[in-house]
Amino acid sequence: MRAVVVERPNEVVMRELETPAPGVGEILVRSHFAGVCGTDVAIATGTFVDPRWVRFPVVLGHEWSGTIAELGRGVTDLAAGDRVVCEGTVPCGHCARCRRGQTNLCENYDQIGFTRSGGYGEFVLVPRRVVHRLPDRVSLEEAVLIEPGSCVLRALRRGNPQPGARIGVIGVGTLGSLALTLARLYSPAALLAFGLREQELELGARLGAETLNVLDEDAIATALASLDLVVECAGTPGAVELATRLVRLGGHVVLLGIAGEGKQLELPADRLVLGDITVVGNLSYDSATWTDLVGLLDNGLVELAPLITHRFALADFADAFELLLRPRGLVAKVVLEHDSG
């Protein structure tokens, strides 16, 4: 099988690998589409290489979808040809955190596209417990967004939004556009998008948000201390600091962005206490949230396909990476497509 492999940082190649065979309780899935995430690019370019999270060489692709090619012994509730999507995190299910339902914090960390081969390969070997049959109404391409969408849905829930809330989103890339889309499930009275690039703000407007440029001090001044919930998706210390100024007294801030190792945040020491502000860091998703998002898509309560702005053949992965590194125009979700054969 063909696969995009990061042999080591800054050495990314497409090469032939042996197609794995499913063992007991495993499933071999043919990958059709795979999303390009900023983390994929960071692994490839050497800015995310912490051995706690990444093991080289690695086949990238934690956002992907496909069809079942082969079932291992003991898997009887699915069939070859079923359209599926697979959780990226592979929890052990027996550690203390997993037993508490915190499968995103499994003590025995294992993740598709980080520590085991992912959807940038033509075939992916996965345990049955992370596989979800895809509803008929959801395309394989749209299903690529279930992984990042599950991260965002869990973050929103932890921000405790109420109907009629004022919700702000900082950063309108993939995570930010998902946050704006999913926030509408809570019937917000106001939905604000904060960004830097003109195209970022254009995307926020397309998604029905009022847009504010973070460099426009007058515009920002009108929003200070006015939002019930702020979801930070930009991944910069400045965005985190801004979030703590935009939220109202007693409000919630949820952090989704990753600024990178070594980045430091400075805040007035009493801002959080005197503002009675709840700040939540959100890492990934749990299995329950993933299942819930699949259900929302199945019932037509949310649509994610419009967030896909660019498509590349798998062989053109370098061009897709370059687009994320140096965005040209409006860029939300970038998808790689395997050959149909």
Side-chain angles (χ1 to χ4, degrees), residues 1-22 26-50 53-70 83-90 110-127 130-132 134 139-151 173-174 284 308-325 331-341:
M1 71 174 195
R2 292 193 313 162
V4 174
V5 183
V6 183
E7 302 283 7
R8 57 186 60 84
N10 293 303
E11 187 177 325
V12 189
V13 296
M14 176 174 279
R15 64 183 179 89
E16 293 288 329
L17 299 176
E18 184 176 349
T19 302
E26 294 182 322
I27 297 175
L28 185 67
V29 180
R30 176 185 287 274
S31 178
H32 289 261
F33 296 95
V36 181
C37 172
T39 308
D40 295 320
V41 178
I43 292 171
T45 57
T47 59
F48 186 73
V49 295
D50 191 324
W53 308 110
V54 186
R55 296 173 199 156
F56 296 101
V58 63
V59 178
L60 296 173
H62 56 283
E63 309 171 353
W64 63 286
S65 62
T67 53
I68 293 178
E70 188 178 349
R83 301 159 64 253
V84 296
V85 66
C86 304
E87 297 173 42
T89 302
V90 183
D110 192 10
Q111 187 167 3
I112 294 170
F114 291 81
T115 60
R116 60 165 69 201
S117 294
Y120 287 20
E122 287 185 280
F123 293 92
V124 186
L125 188 64
V126 293
V130 303
V131 179
H132 298 253
L134 201 58
S139 71
L140 283 169
E141 188 180 47
E142 182 178 27
V144 163
L145 283 154
I146 292 175
E147 198 276 348
S150 296
C151 297
T174 298
S284 193
I308 298 172
T309 57
H310 295 78
R311 299 163 177 83
F312 292 86
L314 184 72
D316 298 325
F317 66 89
D319 294 332
F321 288 3
E322 177 66 19
L323 181 63
L324 257 68
L325 285 168
V331 180
K333 176 47 61 184
V334 178
V335 171
L336 297 175
E337 182 175 4
H338 289 269
D339 294 337
S340 58

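Nothing fancy with the numbering, it's 1 onward along the sequence. Because the structure is predicted, anything quoted here is derived from the model rather than measured.
Distance OG1/T19 to CZ/R30: 8.5 Å, rounded to 0.5 Å. The OG1 atom of T89 sits 8.5 Å away from atom CZ of F114, with the distance rounded to the nearest 0.5 Å. In this structure, S150 OG and L145 CG are separated by 10.5 Å, a value rounded to the nearest 0.5 Å. Within the model, atoms OG1 of T115 and CG of D110 stand 3.5 Å from one another, a figure rounded to the nearest 0.5 Å. L17 contributes atom CG, which lies 10.5 Å from atom CE of M14 (distance to the nearest 0.5 angstrom).
Closest approach of S117 and I112 over heavy atoms only: O-CG2, 3.6 Å. When all heavy atoms of Y120 and L314 are compared, the pair lying nearest together is O-CD2, 3.7 Å. Closest non-hydrogen pair, R116 versus V126, comes out as NH1-CA, 4.4 Å. Taking each heavy atom of V49 and P9 in turn, the nearest pair found is CG1-CG, 3.4 Å. Looking at every heavy atom in both residues, C86 comes nearest to V131 through SG-CG2, 3.8 Å. Between G121 and V124, the shortest heavy-atom contact is O-CG2, 4.2 Å.
Applying the salt bridge (charged side-chain N to carboxylate O under 4.0 Å, His left out) criterion to R2, with sequence neighbours excluded, gives D339. Among residues two or more places apart in sequence or in another chain, the salt bridge (charged side-chain N to carboxylate O under 4.0 Å, His left out) test is passed with R83 by none. In this structure, the side chain to side chain donor-acceptor pair (under 3.5 Å) partners of S31, at least two apart in sequence or on a different chain, are H338. For the salt bridge (charged side-chain N to carboxylate O under 4.0 Å, His left out) test, no residue two or more places apart in sequence or in another chain qualifies with D319. In this structure, E26 has no salt bridge (charged side-chain N to carboxylate O under 4.0 Å, His left out) partners at least two apart in sequence or on a different chain.
Contact check for C37 versus T174: no side-chain heavy atoms found under the 4.5 Å cut-off. Put simply, the side chain of V85 reaches to within 4.5 Å of the side chain of L134, judged on heavy atoms. No side-chain heavy atom of W53 sits less than 4.5 Å from a side-chain heavy atom of I43. Using a 4.5 Å heavy-atom cutoff, the side chains of F312 and F321 are not in contact. For the pair V36/F317, no side-chain contact is recorded, criterion being any heavy-atom separation below 4.5 Å from C-beta on.
The environment of E16 atom CD is dense: over 12 non-hydrogen atoms of other residues, nucleotides or ligands sit within 6.0 angstrom.
Side chain of T309 to backbone of V331: no donor-acceptor contact under 3.5 angstrom is found.
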For residues 58-68, dump all side-chain donor-acceptor pairs below 3.5 Å to protein atoms at least two apart in sequence or in another chain.
residue, atom, partner, partner atom, Å
H62, ND1, D40, OD1, 3.3
E63, OE1, K333, NZ, 2.7
S65, OG, L140, O, 2.5
T67, OG1, H32, NE2, 2.9

